[in-house]
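Take a look at the structure below.
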Protein chains: 2
Amino acid sequence: MALPTAAPRPFIHQQNLVEQVADYLTQAIIQQHFLPGERLSEVQLSRDLGVSRAPVREAARLLESRGLLISKPRRGFFVRALNAVELEDVFDLRLCLERHAIQRLTERYTPEAQRALKQQVEVLCEAAAGNDGTRRIEEDLQFHRLMLHYAGNERLLRAFDDLAHELRLCITLITKTHEAPDTIATSHFKLLDALDSGSPAACREAIDYHIGVARKFVVKGVGETGDSSDEG
Amino acid sequence: MALPTAAPRPFIHQQNLVEQVADYLTQAIIQQHFLPGERLSEVQLSRDLGVSRAPVREAARLLESRGLLISKPRRGFFVRALNAVELEDVFDLRLCLERHAIQRLTERYTPEAQRALKQQVEVLCEAAAGNDGTRRIEEDLQFHRLMLHYAGNERLLRAFDDLAHELRLCITLITKTHEAPDTIATSHFKLLDALDSGSPAACREAIDYHIGVARKFVVKGVGETGDSSDEG
DNA sequence: GTTGGTAAAACTGTCGACAGTCGGCAATCG
DNA sequence: CGATTGCCGACTGTCGACAGTTTTACCAAC
């Protein structure tokens with residue numbers, strides 16, 4: 001069974017201008033080089049990147065479908081600005097998907113899945129100890145991707161991946177408030193314990209707690225930085 | 001809707017070419033004017049529609065993000081072919097989303113929502129009595145969209161809308177086996193009754209039953225027509 | 001100082017064209 | 001006779017350009 005390939009490029013040709021532009025824009029947005037609500041000029045971008053407008057437009061469409069950009073006809077593309085309500089919605093949907101996933105997972109919890117998840121938690125803990133905030137987030141997401149993957153519904157995983165782009169957006173939006181390494185470890189080990197117990201109720205409780213913690217962190221962060229509510 | 005079988009009017013005049021092309025392609029795919037797995041030529045399409053390749057490409061990207069087309073680098077776009085497993089996954093995800101939605105709905109079941117849903121069921125029943133299969137499906141989906149809407153999470157609704165495109169794909173794929181009008185009515189009235197009762201357990205049971213029925217119909221249909229074995 | 005109108009600038013939507021690449025076919029070689 | 005290789009056609013990826021629209025800047029009037 002092929003492990004899910006998370007972010008950038010494990011393989012495959014990167015001679016694709018569209019993908020390159022999309023990656024560039026994604027990074028730029030997540031790292032806040034563009035402010036939320038900011039308008040992106042196609043000509044400006046194509047000049048900066050040294051390509052024509054066609055691949056820029058296609059990449060922008062791609063990011064629009066991922067919820068990172070918003071297109072307004074005859075106006076152009078704008079960086080998605082999440083307000084508090086939308087943020088709650090994102091985490092609520094995440095809860096919806098992961099509850100379902102973990103329930104399915106209890107019905108097909110193979111030793112292979114157990115091993116892979118445990119290993120990923122270790123990787124995550126290692127990453128959490130370091131300073132690279134981006135990597136910590138990616139390893140965290142990768143753990144959840146693994147859960148979704150072993151839940152045995154690829155479409156469910158795709159839905160999570162779609163959502164993950166927005167998750168990155170609002171998580172890195174408040175990169176200052178990051179959880180302590182031991183909190184992360186505890187939180188994920190609880191998930192593993194619940195899965196090992198085989199009890200759906202315990203799993204549900206664990207995932208509710210887990211996502212609730214993450215949600216609280218982000219909501220708190222938005223409260224501190226002030227929510228970005230401007231988008232006509 | 002006048003769908004061109006051989007030679008469409010080579011001219012579409014309205015503002016948004018991309019959306020028009022996307023709508024045209026969506027209809028054409030759903031109504032099986034293109035077979036699953038078939039390759040779509042950009043030049044051919046742009047010639048037929050009387051537009052340039054740029055809007056065709058953008059529309060194709062859009063449909064790719066909706067899961068109706070699949071892009072292979074340097075090869076072009078292919079009509080998505082769903083196999084049995086993917087089909088199960090689609091309905092499982094639908095179950096995931098609607099379970100969550102109906103649970104939320106019980107917590108905020110306003111008279112307005114009640115009225116709107118009831119009215120939509122009546123519209124649906126009326127549509128079910130007629131012969132227009134497409135309209136019946138649309139009104140059915142619209143009822144569920146309303147449920148998702150009144151569940152109060154716009155992101156959840158968007159996830160459903162994304163999925164709905166694939167639902168249409170596999171439902172109309174087997175348009176012959178359509179449910180009897182009274183079955184549709186009964187099934188939806190059960191949902192309304194469950195919501196009126198205010199019991200989350202009853203709601204969950206109702207939605208599980210409802211989607212289970214729909215799933216069975218489609219799975220049966222695929223079994224009859226033979227599953228469209230997929231893309232390499 | 002503010003407001004309203006007009007004109008210029010910038011931008012998006014769309015188009016046609018060119019180059020690199022892929023798949024298929026046929027001629028050639030073992 | 002089967003496999004390999006070179007060629008040909010078709011197609012996608014990308015580009016620069018044009019037209020219509022939106023935004024902005026400027027100037028005049030109150």
Side-chain angles (χ1 to χ4, degrees), chain A residues 8-9 11-26 28-29 33-65 68-81 230-232, chain B residues 8-26 28-29 34-35 37-66 68-81 230-232:
Chain A
R9 60 251 130 189
F11 47 82
I12 297 203
H13 33 57
Q14 194 71 354
Q15 56 181 352
N16 218 342
L17 277 192
V18 176
E19 274 187 34
Q20 284 181 273
V21 174
D23 286 348
Y24 168 82
L25 285 179
T26 301
I29 291 173
H33 294 161
F34 302 127
L35 297 176
E38 184 174 343
R39 176 179 184 175
L40 298 188
S41 162
E42 296 177 6
V43 283
Q44 184 73 35
L45 284 174
S46 54
R47 259 199 302 263
D48 292 349
L49 299 177
V51 299
S52 85
R53 280 174 50 217
V56 171
R57 281 178 66 87
E58 294 196 15
R61 290 269 184 197
L62 187 62
L63 265 66
E64 183 193 7
S65 77
L68 294 184
L69 292 179
I70 289 182
S71 151
K72 301 186 183 181
R74 292 255 167 226
R75 298 282 314 280
F77 291 91
F78 297 77
V79 178
R80 174 84 178 279
D230 56 317
E231 47 152 318
Chain B
R9 263 204 75 63
F11 227 73
I12 312 177
H13 25 18
Q14 205 186 334
Q15 290 227 337
N16 215 340
L17 280 190
V18 175
E19 270 187 36
Q20 290 186 61
V21 174
D23 286 349
Y24 168 83
L25 286 179
T26 302
I29 291 173
F34 301 128
L35 297 176
E38 184 176 343
R39 176 180 181 175
L40 298 188
S41 162
E42 295 178 7
V43 283
Q44 184 75 32
L45 284 174
S46 55
R47 258 200 301 262
D48 291 348
L49 298 177
V51 299
S52 84
R53 280 177 49 220
V56 171
R57 282 176 66 87
E58 293 196 15
R61 290 271 184 195
L62 187 61
L63 265 66
E64 183 193 8
S65 79
R66 290 180 182 169
L68 294 184
L69 292 180
I70 289 181
S71 149
K72 299 186 185 180
R74 290 269 170 213
R75 294 289 316 283
F77 292 92
F78 296 78
V79 178
R80 173 85 179 278
D230 63 298
E231 75 284 0

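Each chain gets a letter, A, B and so on, in the order its sequence line appears, and its residues count up from 1.
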Report task. Kindly determine whether A/Val51 and A/Gln20 satisfy side-chain contact (heavy atoms from CB on, under 4.5 Å), including the steps that lead there. Result -> CA-CA 11 Å; A/Val51 299; A/Gln20 284 181 273; over 6 Å; no

Query raised in the report: Atom CG of B/Leu40 and atom P of D/dA10: how far apart are they, to the nearest Å?
Result: 19 Å

Query raised in the report: In whole angstrom, what separates A/Glu58's CD from D/dC15's P?
Result: 11 Å

Requested in this report: Using atom CG of A/Leu17 as one end and atom C1' of D/dT12 as the other, report the distance to the nearest whole Å.
Outcome: 13 Å

**Report entry** Any side-chain heavy-atom pair of A/Ile29 and A/Leu69 under 4.5 Å
**Finding:** yes

Requested in this report: Could you tell me whether the side chain of A/Leu68 reaches within less than 4.5 Å of the side chain of A/Leu25, counting heavy atoms only?
Outcome: no

Query raised in the report: What is the distance from NZ of B/Lys72 to P of D/dG13, rounded to the nearest Å?
Result: 13 Å

Query raised in the report: Do A/Val79 and A/Leu35 touch side chain to side chain, with heavy atoms closer than 4.5 Å?
Result: no

Report summary line: What residues 41-53 of chain A contributes to the DNA chain D interface at heavy-atom separation below 4.0 Å is A/Val51, A/Ser52, A/Arg53

Report task. Take the protein atom CZ of B/Phe78 and the nucleotide atom P of D/dT12, then report the distance between them rounded to whole Å. Result -> 9 Å

Query raised in the report: Is there a donor-acceptor contact under 3.5 Å from the side chain of B/Arg39 to the main chain of B/Arg75?
Result: yes

Query raised in the report: Do the side-chain N or O atoms of B/Arg74 get closer than 4.0 angstrom to the phosphate oxygens (OP1, OP2) of C/dG20?
Result: no

Report task. Identify the heavy atoms of B/Ala22 and B/Leu63 that sit nearest to each other, and give their distance. Result -> CB-CD1, 3.7 Å

Query raised in the report: Within a strict 4.5 Å, meaning less than it, do heavy atoms of the A/Val21 and A/Leu62 side chains meet?
Result: no

Requested in this report: Would you kindly give the CG-to-C1' distance between B/Asn16 and C/dT14, to the nearest whole Å?
Outcome: 12 Å

At a cut-off of 3.5 Å, list every protein nitrogen or oxygen paired with a nitrogen or oxygen from nucleotides 23-25 of chain D, distance to 0.1 Å.
from   : atom 1 : to      : atom 2 : distance (Å)
D/dT23 : OP1    : A/Arg75 : NE     : 2.6
D/dT23 : OP1    : A/Arg75 : NH1    : 3.2
D/dT23 : OP1    : A/Arg75 : NH2    : 3.4

**Report entry** Distance in Å, B/Ile70 CD1 paired with B/Phe77 CZ, rounded so as to fall on 0.5 Å steps
**Finding:** 11.0 Å

